[in-house]
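Whatever order the structure lists ligands and atoms in, that order sets their numbers, starting from 1.
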Amino acid sequence: MITRRDLLKTFCAVPFLAFLRRVVTAQDIVDFQQLKSGYAHRLKKILAAGELPYIDIESSCNSTKLDIDSIAKSMDRLNIGLMALSADIGRKQFERGVRFDNLSERLLANYPDRFIPVGNGGQPPALTSEDFLDAQEAAARKKQMMLLGELEFRHYPSPRQVKRGDTDRDVRMPIDGPTGHRVFSLSERSGMAFQIHYEIEDELLTPLEKMLGQHPKAKVIWCHLAQIRYIERASRYTPEYVAALIKRFPNLYFDTAFGDAASVYPPSNQRHARVWTASGSLKSEWRDLIVAYPKRFLSALDLGQDRLERIAEYDQKHRDFLKRLPTDTQHQVAYRSAWSLLFSEDFG
Ligand SMILES: [Zn+2]
């Protein structure tokens with residue numbers, strides 16, 4: 001027998017799903033308002049179950065090798081609220097002429113309540129090509145994304161690339177050059193945030209400060225807080241320095257995708273996640289900084305194509321970091337900061 005309660009359940013569930021399926025229109029324009037209510041619904045559902053959802057603001061993949069259903073299932077199992085999963089345009093795709101990868105559209109077609117439409121990750125050869133930025137800008141204008149992907153201005157080879165002997169991503173592009181100005185002003189005009197991968201080196205700090213000063217409305221997420229690969233190159237970067245940047249630049253954010261206490265960067269043989277003590281506790285000066293300015297720090301997993309299947313391990317490491325913060329700071333960093341950045345309003 002169908003009870004009144006069953007009927008109610010059905011009526012409540014069906015229109016909500018039906019309405020979410022309409023978020024991508026025939027013109028490829030994403031309805032941000034509809035997405036927003038789907039996101040809020042999902043976050044609140046996880047909160048109501050007594051779990052802490054978070055918004056992963058920075059993960060990437062190779063869209064041609066992605067198992068979307070498997071990622072979506074993992075998100076449910078791990079209580080991950082939302083993901084800004086961006087497609088990197090790899091060398092092969094680039095050579096085939098791809099300048100904008102519509103992965104977000106595919107993600108939203110089936111899972112509009114958990115993926116944030118995001119631009120593509122910018123690595124060479126894509127980032128240095130004008131038409132890559134043209135394509136990202138066109139997609140931004142058409143409202144196909146809420147934020148731009150991670151753009152690599154200074155990127156040392158990752159530990160895994162070093163192992164493979166792959167130096168493709170030893171990237172050095174001046175942040176105050178033409179590409180930098182173009183990206184910063186795109187953010188200013190569109191109100192959309194963008195992410196930078198920018199290794200921490202003394203000589204790189206002044207050009208970034210100059211850009212932040214020249215483009216005060218650009219919303220910049222500096223990925224990988226306190227990830228210093230060579231400590232001898234980074235004498236100025238301290239919690240006090242980051243606090244000073246936060247005070248000077250109201251639109252500067254940091255994501256908290258960094259390794260665990262034991263993570264070593266092989267080329268320098270140093271433990272590059274500087275927020276940790278040798279014994280694996282969160283250094284009080286970094287914790288105090290995050291507690292003092294929680295609105296400027298964002299959850300992030302930094303999954304990539306070579307580690308998507310390790311999502312549970314990355315989730316566990318990220319939660320291990322979050323749980324060392326006071327409860328209200330955890331909630332701020334986990335999803336409230338990203339919410340405000342995306343929607344210019346408090347989550348509620
Ligand atoms: Zn990065």
So does [X] have any N/O/S atom less than 2.8 Å away from the Zn ion (ligand 1)?
X    : result
E58  : no
H155 : no
H224 : yes

Lys NZ or Arg CZ of K219 over F184 ring: under 6.0 Å, within 45°: no
Geometric cation-pi criterion, R233 with Y230: 6.0 Å, 45°: yes
Atom name in E150, limited to N/O/S, at shortest distance from the Zn ion (ligand 1): OE2
Which N, O or S atom of H197 lies nearest to the Zn ion (ligand 1), by name: ND1
Identified side-chain hydrogen bond (donor to acceptor under 3.5 Å, both in side chains) partner of S263 from the options H272, Q227, Q270: H272
Near-ring test Y54/H318, centroid separation under 6.0 angstrom: yes
W339 and F343 aromatic ring geometry - parallel, tilted or perpendicular at 30°/60° bounds: tilted
